[in-house]
4 protein chains.
Amino acid sequence: MVKKHSTPRREPRRVPPRAPAPPAPKWTRRPDERPRELLNAALRVFAARGYSATRLSDIAAAAGVTKGTIYYYFKNKDALLLRLAEAADQSEVDRLAALVATSTGPVSAQLRTVMRKGFADPTDETRRLLRIVYLALHTDAPHLFAKVVQHALVDGWALITTLIERGKATGEFRADADGETAARIFTSGLLLQHLWRGSMGLDAQDPFDRERMVDSTIDLFLHSLRPTVRVRAARGHRRTHT
Amino acid sequence: MVKKHSTPRREPRRVPPRAPAPPAPKWTRRPDERPRELLNAALRVFAARGYSATRLSDIAAAAGVTKGTIYYYFKNKDALLLRLAEAADQSEVDRLAALVATSTGPVSAQLRTVMRKGFADPTDETRRLLRIVYLALHTDAPHLFAKVVQHALVDGWALITTLIERGKATGEFRADADGETAARIFTSGLLLQHLWRGSMGLDAQDPFDRERMVDSTIDLFLHSLRPTVRVRAARGHRRTHT
Amino acid sequence: MVKKHSTPRREPRRVPPRAPAPPAPKWTRRPDERPRELLNAALRVFAARGYSATRLSDIAAAAGVTKGTIYYYFKNKDALLLRLAEAADQSEVDRLAALVATSTGPVSAQLRTVMRKGFADPTDETRRLLRIVYLALHTDAPHLFAKVVQHALVDGWALITTLIERGKATGEFRADADGETAARIFTSGLLLQHLWRGSMGLDAQDPFDRERMVDSTIDLFLHSLRPTVRVRAARGHRRTHT
Amino acid sequence: MVKKHSTPRREPRRVPPRAPAPPAPKWTRRPDERPRELLNAALRVFAARGYSATRLSDIAAAAGVTKGTIYYYFKNKDALLLRLAEAADQSEVDRLAALVATSTGPVSAQLRTVMRKGFADPTDETRRLLRIVYLALHTDAPHLFAKVVQHALVDGWALITTLIERGKATGEFRADADGETAARIFTSGLLLQHLWRGSMGLDAQDPFDRERMVDSTIDLFLHSLRPTVRVRAARGHRRTHT
DNA sequence: TATGAATGAGTCTTCATTCAT
DNA sequence: AATGAATGAAGACTCATTCAT
């Protein structure tokens, strides 16, 4: 196909009249920052538009590069998302597990920590976005969702369940509480609230302070696990409303 | 007009021009039902694959028709989602409110009822699947999404909050519980679990009995609102976890 | 994403002033002809441009449809080529084998027939093009070439080899001829000549009558297999130039 | 200038500023050899994958450099092919002609030599691979293709034809053989077999010893030109196959 | 010289939508 | 009322080529 090729290679450089400012390179090399930049951009756009609705060119534009560059660092669109998920995966749950393993004190305190750090901390922008992506994933890309779920969700729930069981063993929590359900419901509740409020505009219709929600959720969580105090006399009545 | 009808679906024989009415004709599907059939199909597939990932041909196949037919009844793909959402918008909350208004008995029982009927009934396939709307709609029709959210969610939470406040007033629930958060967290938790589980994916990796989850959630809900009983013998850090 | 949608559905048709000629449909349905048309177009374009250099849009244009239509009938570009090849596969070699099986007479006559019908008949445009595609395939799409080769080439050679062996058995051919090589060389020679002359412009530089080439090739083929006549006296000398 | 040289290839140690000449320095690859290396690599990959299917990065990898380097030595991908073709254009035929001119002995021996040296030597990797040019070049540089064809093919055929005619004159070959066709068919057959076999593909499905193929081809060639000996006892249809 | 990051035009492919039947 | 052939715009992805280093 022998295309024409007008650009001469190695033109003997014309002596510049006055050594002009180096002509502002069209682009710069940032081999180390690029992947992170791309990931960040992808995260933002995915969270805002949803995975399917996001075009590669959106991400590229958001990262200030062209489409091709994305493919230099990532195999394809899915890979971006997966990498995003892995980042959360590995650090998040494992870190929490480590945290719990080393910490002493009452189980309730540990549970509080896990909920805060793992599912509720609204201070870290990246992590919040990430959570949103997780959720959108289910709708937009179920096949990816499945891959992501195992570590981040199931393992997280397992960790919490373990804590609760430990609390039951020490008598801190009531033995008849369904720890597995508790682990799932409180975390899911918090997640969905974050999703709706994070980028879906629920705050406009239903303003709610995030800090309060997290604090109250933990409060409710722990209260729901409190040992039932059997007031001997009132036994029958108690059973009813519990 | 039995002229061309190249792909008859469940029409065992062409009706002869003048035949006597067949004794017990298999309920001929009336054309009026088509839209509903299509919506049902759409609902199932949207729930299973997500809105974006669903092809019109998937829906058509699920409904036993061809793509073209969908366009006879709906303007386009979005219209299907919209129509679905409108159905969800049917003031289910009002029904619940009415239910509560007429019922007597302890608040905890009412709360239990509301949770069951409004957010947790896993037997009603339609309602469960419809929840997909809560995620997909935001991207594809923010306007409608806001409306649905208001009607189904915010109003629902208000209803529950009211109940909790009533419980506090009667002393059934502890006064320091954050009723507004409770209303949001437990419902959201249940909803998200249903969303994730409604259409394969999570269930494969984290099987969980639906009934148990609902029952346990209500149990946790009520426990989390129980009045705090001060146990005389304060064992050091006990205060913390209550 | 709820796109605008200006096209009204079922506009009550404006009464035309004078019943104008039906407004020349933008396209017509040709479900039966299309596949063949597409295949023909593909064959022509592949032969002219080569497989890789051919864009789907070229084929579409050549067939008078749009790109999308191709995908209605074929899975992808490769599938077009494969289908083209299959067409030749099945018919060609099997037909030749059948032809040989039923024919009587001297082996040399059968061989002549096989060469003519199978590798040399220049009268059928489609088959000629097909052969060209075969050859180009090796350069353009080795992965497809491999798939195609088995039936068309290897089996074809096997057929010819069988014939030659039969000829040896009857004494028609010399026993020391390498039938397997002969099968490959004469057919390949004819093929490559056809390729070069068919669409690669060799005729301009080296004009050659096709009929003559085929006839002469068969003549050479048969001569090369002729029994060696041992003239007892001249044995030594004969060996040299043979 | 041992400044930046981030990917030294086979340069075991940086030469120290003032060291005595190392006793036997592994032949440092001189930069002059780069182009040749690249061409060799290109040749191999083109032959294996086909021109279009070959990515510059494939060639670069095969040559042990990176893509950018190729552009330092060649204008573009086409240029590689062109340069390859030019190499093929080096009048090999002239050499053969000279060879023939000086040789004595029977024509059949000369013919054997020409076939061996010119079209069949499977030990010379470069020349064998170069044949890919005969197919790819046509699409990508018809102009050059024509030139190569003239030089390598048409002239080659002329040479062989001349030999055959000479053989006819001396009575070594039968007078009624079509020498021009013979020249074309046997060379083309051998070439196409080499092309197909040179780069995997055919060999996998139809293994064949190269030496045998060449030897047998020459054998067939000479046999096909043998004078016809009329065997007295005409056994019916014998005439046909001669 | 050489590298390899970045580019962007070119293609394949998908699929919502239209429309002849 | 329904079909399914055909469309065409959109978007993912590839890769030859450029260029900062």
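Proteins get letters first, then strands, A, B, ... in listed order; numbering begins at 1 in each. As a basis for the values below, the full set of heavy atoms in this structure was taken, side chains included, without hydrogen atoms, waters or symmetry mates.
- Note: A:L80 CG to A:L43 CG = 10.5 Å, rounded to the nearest 0.5 Å.
- At a non-hydrogen distance threshold of 4.0 Å, A:V65, A:T66, A:K67, A:G68, A:T69 from residues 63-71 of chain A come into contact with DNA chain E.
- Here A:K26 reaches the OP1 or OP2 of F:dC19: one of its side-chain N or O atoms lies under 4.0 Å away.
- E:dC12 atom P lies 11 Å from atom CG of C:D78, rounded to whole Å.
- In this structure, the CG atom of D:L80 is 11 Å from the P atom of F:dA16, given to the nearest Å.
- The separation between C:E33 atom CD and F:dA6 atom C1' is 14 Å, rounded to whole Å.
- Going from atom CG of A:L38 over to atom CD of A:E33 covers 11.0 Å, rounded to the nearest 0.5 Å.
- Distance from the side chain of C:R55 is smallest for E:dT11 among the nucleotides E:dA6, E:dA16, E:dT11.
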Step-by-step side-chain contact (heavy atoms from CB on, under 4.5 Å) determination, A:N40 to A:R44: CA-CA 6 Å; A:N40 284 340; A:R44 265 173 290 140; 4.0 Å; yes

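- Listed pair C:R34 / F:dA6 meets the phosphate criterion, a side-chain N or O lying under 4.0 Å from OP1 or OP2.
- Counting only distance, with no hydrogens or angles, the side chain of D:T69 and the backbone of D:V65 share no donor-acceptor pair below 3.5 Å.
- Look at CG on A:N76: it is 15 Å from C1' on E:dT13, rounded to the nearest Å.
- Rounded to an integer number of Å, the gap from A:L38 CG to E:dA6 C1' is 11 Å.
- Along DNA chain E, the nucleotide nearest A:R30 and the nucleotide nearest B:T54 are compared for position; the residue whose nucleotide lies closer to the 5' end is A:R30.
- When rounded to the nearest whole Å, the span between OH of A:Y73 and P of F:dA12 equals 20 Å.
- Considering only side-chain N and O atoms, B:Y72 lies nowhere under 4.0 angstrom from the phosphate OP1 or OP2 of F:dA2.
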From CA spacing to verdict: side-chain contact (heavy atoms from CB on, under 4.5 Å), A:L39, A:Y73: CA-CA 10 Å; A:L39 248 9; A:Y73 292 100; over 6 Å; no

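- Distance CG/C:L84 to CZ/C:F74: 8.5 Å, rounded to 0.5 Å.
- In this entry the distance linking CZ of D:F74 with P of F:dT18 reads 16 Å, nearest Å.
- Counting only Watson-Crick and G-U wobble pairs whose two distances sit under 3.5 Å, DNA chain E takes part in these stems of three or more pairs: E:2-21 with F:2-21.
- Under 4.0 angstrom from either OP1 or OP2 of F:dA20 there lies no side-chain N or O belonging to A:R29.
- At a threshold of 4.0 Å, the pair C:R34-C:E37 counts as salt-bridged, since one of the basic side-chain nitrogens sits closer than that to a carboxylate oxygen.
- With F:dA12, E:dC12, E:dG4 as the choices, the nucleotide that has an atom nearest any side-chain atom of A:W27 turns out to be E:dG4.
- Looking at which nucleotide of DNA chain E each of A:P31 and B:K77 is closest to, the 5′-most match is held by A:P31.
- With rounding to whole Å, C:L56 atom CG is found 19 Å from F:dA12 atom P.
- Side chain of D:Y51 to main chain of D:D78: a donor-acceptor pair is present (N/O by atom type, distance under 3.5 Å, no hydrogens or angles).
- In terms of heavy atoms, C:A60 sits closest to C:T66 at CB-C, 3.6 Å.
- Without hydrogens or angle criteria, D:K67 side chain to D:R55 main chain gives no donor-acceptor distance under 3.5 Å.
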